[in-house]
Q: 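Below: one structure in structure tokens.
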Amino acid sequence: MRIVGLTGGIASGKSTVSNLFKASGIPVVDADVVARNVLKKGSGGWKRVVAAFGEEILLPSREVDRPKLGQMVFSSDSKRQLLNKLMAPYISTGIFWEILKQWAKGAKVIVVDIPLLFEVKMDKWTKPIVVVWVSQETQLKRLMGRDGLSEEDAGNRVMAQMSLDLKRSKADVVIENNGDLDHLNQQFSKVLSEIRRPLTWTEFWRSRQGTFSVLGLVTSGLFVCKHFSIGP
Ligand SMILES: CC(C)(COP(=O)(O)OP(=O)(O)OC[C@H]1O[C@@H](n2cnc3c(N)ncnc32)[C@H](O)[C@@H]1O)[C@@H](O)C(=O)NCCC(=O)NCCS
Ligand SMILES: Nc1ncnc2c1ncn2[C@@H]1O[C@H](COP(=O)(O)OP(=O)(O)OP(=O)(O)O)[C@@H](O)[C@H]1O
């Protein structure tokens with residue numbers, strides 16, 4: 001199985017590119033969705049986060065007040081690191097299960113959309129790595145436009161992540177998303193053909209089909225050896 005890593009900065013356009021992958025029939029595991037699920041009322045992640053940050057981060061429904069928690073962690077490095085430490089094991093386990101589900105369905109190519117791919121060192125599990133890059137000016141403009149944030153809050157969120165220029169230098173494929181959606185679509189078509197090229201042998205053995213081929217070969221090998229009394 002080929003596990004493509006899709007990353008970038010906040011509001012650089014990862015979800016927009018993810019949607020293009022989905023529309024092309026390629027399954028996407030979205031780390032933000034996993035992170036939301038592990039913070040749902042009553043879950044293990046929720047209990048640990050509430051114990052550490054206190055009940056003031058809860059809404060009357062006892063769900064986490066996400067904008068409030070966001071305000072706290074994006075304006076304090078130590079609080080953000082604490083939240084990351086508490087949630088990391090739940091998020092990585094959640095992503096692992098989502099990948100396993102796709103493997104069981106027989107997917108040959110999947111995309112894992114993880115904003116913090118490099119920061120949490122999951123880049124070693126994905127190849128190729130696609131980085132959606134924008135200039136900081138465009139990033140701030142789109143972030144403020146989408147989430148209705150002030151320039152200061154948007155800036156805090158951007159600064160909480162590894163710089164997009166550094167991410168770009170670590171990428172196998174870069175999608176430049178400063179232009180309009182047509183420009184994005186044109187680049188996406190090229191990326192899609194790159195992603196859909198035939199699997200390498202290593203990727204094939206990692207797919208469900210490859211694993212069953214190995215099991216089939218081993219079983220028939222044992223049968224032949226036993227039946228014809230070959231071997232020691
Ligand atoms: C702080 C929270 C509650 C804010 O929720 P909110 O709904 O406002 O934002 P959302 O979850 O949609 O995240 C939006 C974007 O913020 C950025 N972001 C989220 N968490 C972090 C973080 N810990 N550090 C840096 N950037 C982050 C990502 O680019 C993400 O795509 C939430 O982001 C969260 O639980 N973060 C910690 C979990 C995490 O690390 N998520 C990233 C998945 S790898
Ligand atoms: N090429 C583009 N032209 C104009 N607007 C765009 C373009 N690409 C993305 N956008 C807009 O920019 C905003 C951010 O894009 P998107 O939500 O895809 O980013 P993201 O990287 O997934 O963000 P996050 O890290 O917060 O999840 C959205 O409002 C989206 O519609």
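One is the number of the first residue; the rest follow in order along the sequence. This is a predicted model, so every value here is computed, not measured.
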Q: Is L116 reachable from V111 through a run of I, L, V, M, F, W or Y residues, each pair having side-chain heavy atoms under 4.5 Å apart?
A: no
Q: Do L6 and V120 sit in the same hydrophobic cluster, where Ile, Leu, Val, Met, Phe, Trp and Tyr count as joined when their side-chain heavy atoms come under 4.5 Å apart?
A: no
Q: Are R168 and W133 in a cation-pi setup, meaning NZ or CZ lies under 6.0 angstrom from the ring centre and within 45 degrees of the ring axis?
A: yes
Q: Does a side-chain N-to-carboxylate-O contact under 4.0 Å join E55 and R62?
A: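 Salt bridge between E55 and R62, a charged N being under 4.0 Å from a carboxylate O: yes.
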Q: Grab the two heavy atoms, one from S135 and one from N178, that are nearest each other, plus how far apart they are.
A: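 Minimum heavy-atom contact is N-OD1, 3.0 Å.
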Q: Return the CE to CG distance between M87 and L82, rounded to the nearest 0.5 Å.
A: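 Rounded to the nearest 0.5 Å, the CE-CG separation comes to 11.5 Å.
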Q: Kindly give the heavy-atom pair with the smallest separation between P128 and R2, and that separation in Å.
A: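 Looking at all heavy atoms of both residues, the shortest contact is CD-CD, 4.2 Å.
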Q: Is the backbone of L149 close enough, under 3.5 Å, to the side chain of D153 for a donor and an acceptor to pair up by distance?
A: no
Q: Just by distance, do the side chain of R196 and the backbone of S193 share a donor-acceptor pair under 3.5 Å?
A: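 Checked: no pair found.
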Q: Counting only N and O atoms by type, is there a donor-acceptor contact under 3.5 Å from the side chain of S213 to the main-chain atoms of Q209?
A: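 Indeed, once roles are kept as given, a pair shorter than 3.5 Å links the two residues.
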Q: Would you kindly confirm whether L83 and M122 end up in one hydrophobic cluster when ILVMFWY residues are joined by side chain heavy atoms under 4.5 Å apart?
A: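 Same hydrophobic cluster.
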Q: Locate the shortest heavy-atom distance separating V132 from L164; write the atom from each residue and the value.
A: O-CD2, 3.7 Å
Q: Please test V130 against V17 for side-chain contact (heavy atoms from CB on, under 4.5 Å), starting from the C-alpha separation and ending with a verdict.
A: CA-CA 10 Å; V130 180; V17 173; 5.6 Å; no
Q: Rounded to the nearest 0.5 Å, what separates atom CD in Q161 from atom OG1 in T7?
A: 8.0 Å
Q: Treating Q187 as the side-chain partner and E176 as the backbone partner, does any N or O pair qualify as donor plus acceptor under 3.5 Å?
A: yes
Q: What do the steps show when you test L59 against K68 for side-chain contact (heavy atoms from CB on, under 4.5 Å), and what is the final call?
A: CA-CA 10 Å; L59 293 164; K68 189 170 185 181; over 6 Å; no
Q: Are any side-chain N or O atoms of W103 and backbone N or O atoms of R206, one a donor and one an acceptor, separated by less than 3.5 Å?
A: yes
Q: Look up atom CD1 in I175 and atom OG1 in T16, then write down how far apart they are to the nearest 0.5 Å.
A: 10.5 Å
Q: Can you find a heavy atom in the side chain of L117 that is under 4.5 Å from one in the side chain of I129?
A: yes
Q: Between S220 (side chain) and G216 (backbone), is there a donor-acceptor pair under 3.5 Å?
A: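 Yes; judged by distance alone, with no hydrogens or angles, the pair exists.
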Q: Does the side chain of F96 come within less than 4.5 Å of T93's, by heavy atoms?
A: no
Q: Answer yes when K127 and D172 have at least one side-chain N-carboxylate O distance shorter than 4.0 Å, and no when they do not.
A: yes
Q: Does L143 reach the side chain of R157, with side-chain heavy atoms less than 4.5 Å apart?
A: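 Yes - at least one pair of side-chain heavy atoms lies under 4.5 Å apart.
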Q: Taking atom CH2 as the centre, does W205 end up with more than 12 heavy-atom neighbours from other residues, nucleotides or ligands that are less than 6.0 angstrom away?
A: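 It does: W205 CH2 has more than 12 such atoms within range.
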Q: Quick one: does D65's side chain have a donor or acceptor within less than 3.5 Å of a partner on L58's backbone?
A: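 No; zero donor-acceptor contacts below 3.5 Å.
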Q: Any side-chain heavy-atom pair from V112 and W125 closer than 4.5 angstrom?
A: no
Q: So do R48 and L39 actually touch side chain to side chain, heavy atoms under 4.5 Å?
A: no
Q: Are M72 and V158 connected in the hydrophobic side-chain network, where two residues link if heavy atoms are under 4.5 Å apart?
A: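 Different clusters.
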Q: Going by heavy atoms in the side chains, are S12 and N177 under 4.5 Å from each other?
A: no
Q: What donor-acceptor contacts under 3.5 angstrom involve side-chain atoms of residues 19-29, with partners at least two apart or in another chain?
A:
unit_1, atom_1, unit_2, atom_2, d
N19, ND2, S15, O, 3.3
S24, OG, L20, O, 2.8

Q: Between S18 and D113, do the side chains contain a donor N or O and an acceptor N or O under 3.5 Å apart?
A: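 A pair is found: one side chain offers a donor N or O, the other an acceptor, under 3.5 Å apart.
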Q: About how many Å separate CD of Q71 and CG of L69, when rounded to the nearest 0.5 Å?
A: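 Reported to 0.5 Å precision, the distance equals 10.5 Å.
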Q: If we only count heavy atoms from C-beta on, is the M162 to K170 side-chain gap below 4.5 Å?
A: yes
Q: If only atom types and distance count, is the side chain of R208 paired as donor or acceptor with the main-chain N or O of A104 below 3.5 Å?
A: yes
Q: Could you pull out the closest heavy-atom pair between W46 and K40, with the gap in Å?
A: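 For W46 and K40, the tightest heavy-atom pair comes out as CB-O, 3.2 Å.
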Q: Check whether NZ of the Lys or CZ of the Arg K167 lies under 6.0 Å from the centre of the six-membered ring of F118 and within 45 degrees of that ring's axis.
A: no
Q: Check I91 against V34 and note the closest heavy-atom contact, atom names and distance.
A: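 Reported closest heavy-atom pair: O-CG1, 3.7 Å.
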Q: Do L166 and S163 pass the side-chain contact (heavy atoms from CB on, under 4.5 Å) test, and can you show the C-alpha distance, the side-chain angles, and the key distance before you say yes or no?
A: CA-CA 5 Å; L166 182 54; S163 98; 3.6 Å; yes
Q: Has the side chain of T126 got a donor or acceptor atom that lies under 3.5 Å from a matching backbone atom of V4?
A: no
Q: Under a 4.0 Å threshold between the charged nitrogen and the carboxylate oxygen, would E63 count as salt-bridged to K41?
A: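 No.
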Q: Would L181 and V191 show up in the same hydrophobic cluster when neighbours are defined by side-chain heavy atoms closer than 4.5 Å?
A: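 Same hydrophobic cluster.
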Q: Would you sort out whether R36 and D32 count as a side-chain contact (heavy atoms from CB on, under 4.5 Å), showing the intermediate values?
A: CA-CA 6 Å; R36 257 169 242 149; D32 278 342; 3.7 Å; yes
Q: With rounding to the nearest 0.5 Å, note down the distance linking CD1 in I57 to CZ in R66.
A: 10.5 Å
Q: Is the closest side-chain heavy-atom distance between M144 and S150 below 4.5 Å?
A: no
Q: Please answer whether the main-chain N or O of F204 pairs with a side-chain N or O of S207 as donor and acceptor at a distance below 3.5 Å.
A: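 Yes; at least one donor-acceptor contact below 3.5 Å.
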Q: Show the nearest heavy-atom pair for residues M1 and A107, with the distance to one decimal.
A: SD-O, 3.4 Å
